[in-house]
2 protein chains.
Amino acid sequence: MGAVTIYDVAERAGVSIKSVSRVLNGRPNVTEELRRKVQEAADALGYRPSLSARGLAGARSYLIAALVDAELTIEHWRSGRGNDYLSRMELGALMECRQAGYHLLIELVDVASPTLERDILAMVSSLRPDGLILTPPVSDSTVVLDALDSRGAAYVRLGAEREPSRGGRVWMDDRRAAYDMTVHLIRLGHRDIGFVVGHPRYAASRARRAGFEAAMGDHGLAVRAEWVAEGDFTFPSGLACAERILGAARRPTAIFASNDDMAFGVVQAAARLGLSIPRDLSVAGFDDAPGAQFSTPQLTTVRQPVSEMAEAAARMLIAGAAGQAAPGPAEVAYALVLRDSTAAPRG
Amino acid sequence: MGAVTIYDVAERAGVSIKSVSRVLNGRPNVTEELRRKVQEAADALGYRPSLSARGLAGARSYLIAALVDAELTIEHWRSGRGNDYLSRMELGALMECRQAGYHLLIELVDVASPTLERDILAMVSSLRPDGLILTPPVSDSTVVLDALDSRGAAYVRLGAEREPSRGGRVWMDDRRAAYDMTVHLIRLGHRDIGFVVGHPRYAASRARRAGFEAAMGDHGLAVRAEWVAEGDFTFPSGLACAERILGAARRPTAIFASNDDMAFGVVQAAARLGLSIPRDLSVAGFDDAPGAQFSTPQLTTVRQPVSEMAEAAARMLIAGAAGQAAPGPAEVAYALVLRDSTAAPRG
DNA sequence: GTGAAAGCGCTAACAA
DNA sequence: TTGTTAGCGCTTTCAC
């Protein structure tokens with residue numbers, strides 16, 4: 001009710017609505033005197049322009065939409081757990097949006113849907129966001145990129161691997177991080193190392209696996225097929241994979257899981273077999289989920305700066321919408337977090 | 001670019017734009033024939049009404065805004081961790097919104113800000129959401145409720161304690177849950193029980209403490225001041241509180257923390273003192289955070305159905321916006337999750 | 001430097 | 001049952 005409009009402000013300031021618009025949008029060609037009057041009136045009235053009206057009339061919607069894959073999200077929802085990656089992504093984007101007067105919208109996207117293209121098109125024409133943040137695996141969907149490009153929509157891809165030249169990108173080197181972690185295990189003295197692969201739909205899964213294999217190869221170590229199992233980034237899948245790997249005739253002395261949730265599953269599987277970590281088995285994860293520092297033993301893992309990535313993405317998008325040249329693609333740094341779940345294998 | 005508008009659909013279907021509007025909004029008084037023609041044209045064109053235009057012209061914005069306290073959120077963002085409560089809340093709300101063609105917006109609110117009232121008013125007049133989901137501690141801010149009421153905005157409060165008659169409410173009985181958990185500890189044989197209080201701004205903190213104290217009193221047990229410490233729901237605060245409690249001349253045999261993050265801090269503090277859990281100390285938490293099932297020992301805690309609460313809230317709001325009588329206040333059930341961190345005290 | 005007028009794409013009365 | 005006509009509150013030409 002009683003909503004304050006631009007007309008109210010204009011009347012109170014004794015100027016035209018156009019002047020109010022100019023002042024509030026920081027346009028040039030305004031005298032200091034006018035700016036002050038308008039600002040005063042707007043403050044007194046507690047005026048805030050209507051998002052809808054702005055979006056409808058102008059070229060900007062002040063909306064950033066984050067596209068998130070529906071499958072894993074629903075999986076989390078079903079299991080009653082939150083999604084740490086999503087949460088961190090969101091916090092980063094939120095902080096950046098807040099500063100710039102932008103609003104963040106989370107949109108679920110089913111990349112496996114046969115109607116994916118129209119879903120994206122429909123979403124864009126309905127929301128007209130000033131920019132889109134594509135999270136994996138949406139960031140690697142050619143269908144999505146094509147649809148977005150056909151509309152001239154601005155987007156930044158998080159952790160994308162394929163077609164690196166398309167759109168804005170903020171990524172970290174998953175392959176190298178996995179390589180480094182594998183080397184860490186090798187340096188500890190492990191030669192028999194198992195690996196739990198991530199969800200096949202994610203580019204990061206392939207990259208991490210490639211990094212693991214490259215490190216093994218570079219050190220003259222064989223990757224044994226029975227020590228590699230394919231999970232889907234969930235705890236139960238990690239548990240199942242570990243049971244398979246540890247059920248092999250010969251056991252590896254270390255297992256590197258493609259994310260922390262699966263690493264926790266590995267820890268659980270080890271506990272069921274009566275294996276002590278890290279004495280009987282070293283376990284490494286990837287992500288630095290909150291549980292990684294709370295678990296016992298604390299988990300050795302790779303810290304992925306998700307929040308910073310999302311901040312950078314939002315910043316690029318907002319700058320672009322404001323007509324500024326958007327900053328180019330950005331690589332962010334990962335960090336190996338060495339905790340207590342990895343150690344030298346027993347003599 | 002090439003955005004499809006209602007005019008395009010009307011032209012293709014050979015009807016007026018009003019008819020298109022009627023069909024797409026499921027209004028009565030439309031022949032089957034017309035409905036089919038319009039639907040066909042809309043599908044062929046991949047038409048989706050503009051959110052801005054709808055919001056501007058009509059009474060509904062198809063937006064649900066979730067109000068989240070800035071302080072704890074920024075704290076999480078700084079520490080590079082996600083927020084499990086927020087994430088679960090969001091997933092639930094998202095699922096419900098998605099079904100109804102609604103969009104979810106996350107808005108940060110600083111309940112300690114001197115400009116809180118105008119912040120809320122500004123947000124509402126800018127966004128004009130069809131409904132707001134108030135998360136704690138925003139849900140207990142009289143200033144926010146007053147501001148929202150002055151605008152006639154529809155809102156549902158999550159886990160609110162004060163002024164229970166205002167607005168929609170979805171809550172669980174924090175007091176009773178804490179009571180039950182305390183009784184669980186007492187039944188195990190504990191008589192010396194410590195308590196870590198939550199963030200003072202949260203109503204749930206008071207309720208949980210009250211439940212603890214009531215249970216102790218009902219069983220003729222004393223609450224010793226040196227065994228109660230005030231934290232703020234963060235891991236470090238739990239650690240600090242536990243160090244204080246365990247540093248007392250006499251130690252309790254169990255500590256009940258007001259949330260899991262603090263409980264993990266208690267576990268950590270115990271480990272530093274060389275105490276084994278649950279042999280030397282039983283630890284109970286509250287929330288059932290993801291880490292609770294991954295930690296060793298797995299944490300005994302209270303499961304709070306955050307996601308279901310948010311779903312119910314969104315459902316109420318959407319029903320209300322559609323003109324249906326909104327379902328009344330709803331209490332959701334908690335569950336004690338008894339895991340391995342609690343046991344009988346040593347002889 | 002400032003203002004008047006024309007829409008943006010819808011929904012909501014009101015006619016027909 | 002359907003169509004016509006006004007706006008909703010802004011931004012954007014284009015005059016002044």
All pairs passing salt bridge (Lys or Arg N to Asp or Glu O under 4.0 Å) where residues 132-141 of chain B contributes a residue, at least two apart: Asp140(B)-Arg157(B)
Test salt bridge (Lys or Arg N to Asp or Glu O under 4.0 Å) applied to Arg22(A) - qualifying residues, sequence neighbours left out: none
All pairs passing ring pair (Phe, Tyr, Trp, His ring centres under 6.0 Å) where residues 131-151 of chain A contributes a residue, at least two apart: none
Rounded interatomic separation in angstrom, taking CD from Glu33(B) and C1' from dT2(D): 13 Å
Listing, residues 36-48 of chain B side-chain donor-acceptor contacts under 3.5 Å, not counting sequence neighbours, or none:
{"unit_1": "Arg36(B)", "atom_1": "NH1", "unit_2": "Glu40(B)", "atom_2": "OE2", "d": "3.4"}
{"unit_1": "Arg36(B)", "atom_1": "NH2", "unit_2": "Glu33(B)", "atom_2": "OE1", "d": "3.3"}

Reading 5' to 3' through nucleotides 11-16 of chain D, protein heavy-atom contacts under 4.0 Å coded B for base, S for sugar-phosphate only, - for none: BB----
Side chains of Leu86(B) and Leu72(B) in contact at under 4.5 Å (non-hydrogen atoms): no
Nearest-nucleotide comparison on DNA chain D, the residue closer to the 5′ end among Val15(B) and Leu56(B): Val15(B)
Range on DNA chain C touched by chain A - first to last nucleotide, heavy-atom distance under 4.0 Å: dG1(C) to dG9(C)
Partner set under ring-ring contact (aromatic ring centres under 6.0 Å, His included) for Tyr202(A), not counting sequence neighbours: His199(A), Phe233(A)
Terminal axis angle for the helix from dG1(C)-dC16(D) to dA16(C)-dT1(D), five pairs an end, nearest 10 degrees: 30°
Pairs satisfying salt bridge (Lys or Arg N to Asp or Glu O under 4.0 Å), at least one member in residues 317-327 of chain B, at least two apart: none
Short side-chain N/O contact from Ser50(A) to OP1 or OP2 of dG9(D), under 4.0 Å: no
Under the side chain to side chain donor-acceptor pair (under 3.5 Å) test, residues paired with Arg166(A) that sit two or more places apart: Asp146(A), Asp149(A), Glu163(A)
Presence of Ser19(B) side-chain N/O under 4.0 Å of dG3(D) phosphate oxygens OP1/OP2: yes
Those residues that, when tested against Ser165(B), pass side-chain contact (heavy atoms from CB on, under 4.5 Å) (two or more places apart): none
Where at least one partner belongs to residues 85-106 of chain A, residue pairs that pass salt bridge (Lys or Arg N to Asp or Glu O under 4.0 Å), sequence neighbours excluded: Asp84(A)-Arg88(A), Glu96(A)-Arg315(A)
